[in-house]
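This report refers to the structure that appears directly beneath it.
As the structure is a prediction and not an experimental result, all values here were calculated from the model.
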Amino acid sequence: FLPLAFALLETLMETPRVWKAALLGGVMGLLILTSHVQMAYYSYWALGLWFLYRLFTVWGNGGMALSLRSTLFVVSVALALGLGLVQLLPSYKFTTAQSVRSGVARTSYEYATSWSMHPEEVAGMIVPSFQGFQKGIGFEDNYYWGRNPFKLNSEYNGILPILFAILAVAMYRSGRTWFFLGLGALALVYALGADRPLYHLFYSFVPGVKNFRAPGMIVFLFAFAACTMASGFLSSFLDEPAGTKKQNCMRLLYAAGAVIACALFVTIVAKPLFDLWKSVLYPSIPQDRYDNLVKNIPAFTRDLWRVAIIAAAALAGLWMYRTRRIGSAALAGLLALAVVVDSTVVDARYIATIDPATYPVLAQDASVAELKEKLKTDPDARALTMLSSHAPNYYAMFGIRSANGAHNNELKSYEAFRGQNGLNFLEGWVDLNAGRIDPEGIGRNNFLKVAGVKYILIPAGEGNIHIAENTAA
């Protein structure tokens, strides 16, 4: 909805009308009703900044024009908040008063900056495997050497939007170009979170920031800004008559050659280059992460050449179009093919088709059928798993109520009840220090009684699972 909201805001600023404000408010309300309030929050930042920029551009139209546009924008925001209140208000109350994230520990600066982007991820926006990745359906091979605990995604949005955004700044600068360049820079600075002291300003002075973590999620605004600048470049480029500005034509070929030369140089000095990066930007890298760095160099080199070839081909395509060697349809086909190839290769690392009935982590094992049979007589009973071989939410996937599933945003009252990491559920029958389990003590645990935990899954050796029954529940 963000591009549509920008388009509606633009037309409202051009010719202010009440019905346009209503449409804008409706789309902004839909932004709130999407699945992630944090993304809508960042989108509102971008829309607010665009409104201020456009207000500045019409400053010379007089006070009445400014007042009318400002009033209609306020009406749009009020309408959006009214439409989104059904989701916004419960979310706000939950995150500020009822969730575990409302406590001091989870509104701290350290928590708010967790899952930030880091310089490695920024470089990965140019060459997607720069920071490594976790390979395979079960992530059997780990190539990730960055600073987050693990990496299941890439911030890479394609090389062409960034390349064309750079060309927009170089060839067709305008006020809007500078605005979106600033928006992209703002998103990038914010996304870096813990690595940049400027984030303290956001955390201390911008309402709502301390209630969120993972500042790297704002990077979609960088992608939006880059794509907007890239589309502006292509529009201006295609609008110019073919054969004009021959000096710029040759510069496109020079740039293509420079890209290939740069890729060749980086390939030759890849290991020293990464060692320099480690020394200057990541001196505290653990040894296992450094081993991943070295292991990742071949994958990085392959990605580097794919990106370089795509960028050089795009630049050559622009040159051929400008010199009348190809038409606009051929140029569009070349760029579309480059985008499809690039995105397909990157997406293949993170998207795979599996059969949940046979995939080890998801497939139903014998204990599921046994539990379901037992629950026929007491469908409201809960289970507690002590199995390291199963994910915390494994049994919930089959409709079995679990007392110790993982959510990380649960009610803080329930977290206090079960104890940190569910320790209260283990009181009296599990000796963590000795590694012993006493099933006879299960009935004496009052937390299990109150939680309605009737069945406890205990490892029985050699992959077997024992289901102990809590007769006191």
Side-chain angles (χ1 to χ4, degrees), residues 1-2 5 31-32 34-50 87-88 91-92 94-96 99-126 128 130-134 144-157 161-162 165 179-228 277 281-282 284-285 289 350 407-409:
F1 293 112
L2 181 60
L31 273 170
I32 299 175
T34 54
S35 59
H36 212 301
V37 172
Q38 186 172 350
M39 307 292 272
Y41 175 70
Y42 296 145
S43 297
Y44 273 50
W45 283 12
L47 289 165
L49 291 172
W50 181 248
Q87 177 160 306
L88 193 60
S91 298
Y92 174 77
F94 181 72
T95 55
T96 56
S99 166
V100 293
R101 296 187 183 181
S102 64
V104 175
R106 300 192 191 184
T107 55
S108 66
Y109 183 80
E110 291 71 22
Y111 189 80
T113 55
S114 61
W115 300 101
S116 298
M117 284 178 62
H118 300 282
E120 296 76 39
E121 278 79 20
V122 174
M125 296 173 74
I126 306 297
F130 182 91
Q131 74 286 341
F133 53 93
Q134 290 176 277
Y144 178 61
W145 57 274
R147 310 179 202 201
N148 285 320
F150 54 86
K151 188 72 175 177
L152 306 182
N153 73 297
S154 171
E155 284 78 17
Y156 181 72
N157 295 288
I162 294 178
F179 171 84
F180 283 106
L181 181 64
L183 179 64
L186 174 68
L188 204 56
V189 168
Y190 183 92
L192 284 165
D195 283 324
R196 290 294 174 268
L198 283 175
Y199 193 84
H200 280 283
L201 298 177
F202 293 105
Y203 179 82
S204 301
F205 299 110
V206 180
V209 167
K210 64 176 58 178
N211 295 116
F212 296 118
R213 63 171 181 168
M217 291 175 63
I218 200 176
V219 78
F220 78 94
L221 286 184
F222 177 91
F224 174 71
C227 288
T228 304
W277 183 286
L281 295 175
Y282 197 1
S284 61
I285 184 172
R289 292 291 173 101
Y350 303 98
H407 186 257
N408 198 36
N409 197 17

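For the pair N148 (side chain) and S116 (backbone), a donor-acceptor distance under 3.5 Å is present. Of the possible donor and acceptor atoms, none in the side chain of W115 sits under 3.5 Å from a partner among the backbone N and O of P149. Proximity of a side-chain donor or acceptor of S204 to a complementary backbone N or O of L201 within less than 3.5 Å is not detected. In this structure a side-chain-to-backbone donor-acceptor pair under 3.5 Å is missing from E121 to E155. Side-chain atoms of Y203 do not come within 3.5 Å of backbone N or O of V206 as any donor-acceptor pair.
Partners of Y156 by side-chain hydrogen bond (donor to acceptor under 3.5 Å, both in side chains), not counting sequence neighbours, listed by chain and number: D342. Legend: residues meeting ring-ring contact (aromatic ring centres under 6.0 Å, His included) with F212, ordered by chain and number and at least two apart, are Y41. The ring-ring contact (aromatic ring centres under 6.0 Å, His included) check on F133 picks up Y143, with sequence neighbours excluded. Under the side-chain hydrogen bond (donor to acceptor under 3.5 Å, both in side chains) criterion, Y44 pairs with no residue, sequence neighbours left out. Considering only residues two or more places apart in sequence or on other chains, Q38 meets the side-chain hydrogen bond (donor to acceptor under 3.5 Å, both in side chains) condition with Y42. Applying the side-chain hydrogen bond (donor to acceptor under 3.5 Å, both in side chains) rule to Q131 yields no partners; only residues at least two apart in sequence or on another chain are considered.
With rounding to the nearest 0.5 angstrom, the CH2 atom of W145 is 4.5 Å from the CD atom of E120. To the nearest 0.5 Å, the span separating CD1 on I218 from CG on L186 amounts to 6.0 Å. In this structure, OG1 on T228 lies 9.5 Å from CZ on F179, to the nearest 0.5 angstrom. Here L198 contributes atom CG and L192 contributes atom CG; the two are 10.0 Å apart, rounded to the nearest 0.5 Å.
Between M125 and I162, the closest heavy-atom pair is O-CD1, 3.5 Å. Scanning both residues, V37 and L88, for their nearest heavy atoms gives CG1-CD1, 4.0 Å. Closest non-hydrogen pair, F222 versus G184, comes out as CD1-O, 3.4 Å. Scanning both residues, G193 and P215, for their nearest heavy atoms gives CA-CG, 4.2 Å. Nearest heavy atoms, S154 versus Y350: CB-OH, 3.6 Å. Between M117 and G216, the shortest heavy-atom distance links the atoms CG-CA, 4.0 Å.
Taking the six-membered ring where the residue is Trp, Y109 and H200 present parallel rings, their angle staying beneath 30° rather than reaching 60°. Using a 30° and 60° split on the angle between ring planes, Y190 and Y199 fall in the tilted class, from 30° to 60°.
By the 4.5 Å heavy-atom criterion applied to side chains, T34 and M39 are not counted as neighbours. For the pair K151/N153, a side-chain contact is recorded, criterion being any heavy-atom separation below 4.5 Å from C-beta on.
The neighbour count for F94 CZ, taken as heavy atoms of other residues, nucleotides or ligands under 6.0 Å away, is above 12.
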Dump the intermediate steps for side-chain contact (heavy atoms from CB on, under 4.5 Å) on F220 and S43, then the final yes or no. CA-CA 9 Å; F220 78 94; S43 297; 3.5 Å; yes

Could you go step by step and tell me if K210 and Y111 meet the side-chain contact (heavy atoms from CB on, under 4.5 Å) rule? CA-CA 9 Å; K210 64 176 58 178; Y111 189 80; over 6 Å; no

